[in-house]
Amino acid sequence: MTGLEKIQEKILARAKADGDVIIAKANEEAKEILINARVRAEELSQKIISDAEKQSEKKKLLAKGAAESITRNRYLEVRNAIINDIISAAYEEIERLGDEEYFDLLRRLCIKNITPGEYVMHLNSVDLSRLPEGFEDSINAEIYETAAVFIRKEAADIENGFILSGDGVEINCTFRAVFDENMDKLKDMLNIELFG
């Protein structure tokens, strides 16, 4: 073997040795990169799972809140419907009262709502036709010190109850007006009575 061949052989051996070192180092780096990639992938997958669980929990809470809200609203609707039905039934019950009870109610309503002065009581045609004898006198007997009521003989265009007019004042005591005026109180009272 010539000197040149020996030099070439040494260069090749050194290059092969250097290449083996480089390859070994590259393999080590590749292993390290692979290990780091697996660790990073594991961290990312745990983060993704954790984020998904948090999102899932938020969605569950939102869904639960929405369901509770719907339930609460439906409960309130049912409560209001029950209260409105009771008020409607009470209104209808008043309309079905017998003459004695009906006019006693009108008398008490008049006495409760009247202020000092002279008034004309306006009734509908049905109530005028069944007006008990002495009704006007029974009202005036209780209010004679401060007021007087006279029943108008012409029918008023009202459903029930009465209207008092006089001294520039009109007091609407139709049952619809009385119910409407006291609706919030009635609802509150029934709400407490029925639902605590």
Side-chain angles (χ1 to χ4, degrees), residues 57-196:
E57 194 58 36
K58 281 182 187 176
K59 287 181 181 179
K60 281 183 200 173
L61 289 173
L62 288 172
K64 183 180 177 186
E68 287 172 352
S69 178
I70 290 168
T71 302
R72 185 173 43 253
N73 288 342
R74 184 65 185 129
Y75 176 71
L76 290 174
E77 286 173 11
V78 169
R79 278 175 52 168
N80 285 336
I82 290 169
I83 289 171
N84 289 335
D85 287 349
I86 291 171
I87 290 171
S88 293
Y91 184 86
E92 290 169 9
E93 188 65 29
I94 288 173
E95 289 184 321
R96 287 193 296 267
L97 289 174
D99 289 354
E100 186 177 328
E101 292 174 299
Y102 181 83
F103 283 99
D104 184 55
L105 177 62
L106 292 187
R107 181 186 59 76
R108 287 184 285 128
L109 192 57
C110 179
I111 292 166
K112 179 182 177 191
N113 286 283
I114 203 154
T115 57
E118 287 190 2
Y119 295 91
V120 174
M121 179 183 277
H122 305 269
L123 298 166
N124 66 24
S125 59
V126 173
D127 290 348
L128 280 174
S129 68
R130 63 184 185 150
L131 189 67
E133 193 174 315
F135 178 69
E136 184 179 293
D137 293 338
S138 69
I139 293 171
N140 285 318
E142 293 193 47
I143 61 170
Y144 73 92
E145 292 180 0
T146 59
V149 172
F150 304 98
I151 296 175
R152 185 172 185 210
K153 301 302 178 204
E154 292 177 28
D157 186 20
I158 57 176
E159 185 179 3
N160 52 33
F162 59 89
I163 294 176
L164 291 174
S165 61
D167 293 336
V169 175
E170 184 173 279
I171 304 170
N172 187 345
C173 291
T174 60
F175 296 141
R176 181 62 54 208
V178 171
F179 269 69
D180 288 347
E181 182 180 323
N182 293 289
M183 190 61 70
D184 289 339
K185 290 177 192 172
L186 287 169
K187 286 183 176 184
D188 288 345
M189 182 184 72
L190 285 169
N191 195 27
I192 291 167
E193 185 69 28
L194 295 172
F195 306 107

Could you state the interatomic distance from [atom1] ([X]) to [atom2] ([Y]), rounded to the nearest 0.5 Å?
X      : Y      : atom1 : atom2 : value
Thr71  : Lys64  : OG1   : NZ    : 11.5 Å
Thr174 : Asn124 : OG1   : CG    : 10.5 Å
Glu101 : Glu93  : CD    : CD    : 8.5 Å

Distance-only donor-acceptor pairs under 3.5 Å for side chains of residues 138-146, two or more places apart:
residue	atom	partner	partner atom	Å
Ser138	OG	Phe135	O	2.7
Asn140	OD1	Val149	N	2.7
Asn140	ND2	Glu136	O	3.2
Asn140	ND2	Val149	O	2.8
Glu142	OE2	Arg107	NH1	2.5

According to side chain to side chain donor-acceptor pair (under 3.5 Å), who are the partners of Glu92, at least two apart in sequence or on a separate chain?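 Side chain to side chain donor-acceptor pair (under 3.5 Å) list for Glu92, sorted by chain: empty.
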
Report the residues that fulfil side chain to side chain donor-acceptor pair (under 3.5 Å) with Ser125, sequence neighbours left out, ordered by chain and then residue number.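 If we apply the side chain to side chain donor-acceptor pair (under 3.5 Å) test to Ser125, skipping adjacent residues, there are no hits.
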
Quiz: residues 108-117 side-chain donor-acceptor pairs under 3.5 angstrom, not counting sequence neighbours:
residue	atom	partner	partner atom	Å
Arg108	NE	Asp104	OD2	3.1
Asn113	ND2	Leu109	O	2.8
Thr115	OG1	Tyr119	OH	2.5

Is there side-chain contact between Ile82 and Val78, with heavy atoms separated by less than 4.5 Å?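 Of all side-chain heavy-atom pairs linking Val78 with Ile82, at least one is under 4.5 Å.
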
How about Phe103 and Leu97: do any of their side-chain heavy atoms sit closer than 4.5 Å?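 Answer no - side chains too far apart.
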
Crowding at CD, Glu77 (>12 non-hydrogen neighbours, <6.0 Å):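 More than 12 heavy atoms, drawn from other residues, nucleotides or ligands, come within 6.0 Å of this atom.
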
Please output the side-chain donor-acceptor pairs of residues 180-187 that fall under 3.5 Å, not counting sequence neighbours, one pair per line with the distance.
residue	atom	partner	partner atom	Å
Asn182	ND2	Val178	O	2.8
Lys187	NZ	Asn84	OD1	3.4

Has Asp167 got a side-chain atom pairing as donor or acceptor with Val169's backbone, closer than 3.5 angstrom?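 Looks like no, no N/O pair under 3.5 Å.
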
Would you be so kind as to tabulate the donor-acceptor pairs closer than 3.5 Å made by side chains of residues 155-164, with sequence neighbours excluded?
residue	atom	partner	partner atom	Å
Glu159	OE1	Tyr91	OH	3.2
Asn160	OD1	Phe175	N	3.1
Asn160	ND2	Tyr91	OH	3.0
Asn160	ND2	Glu95	OE2	3.2

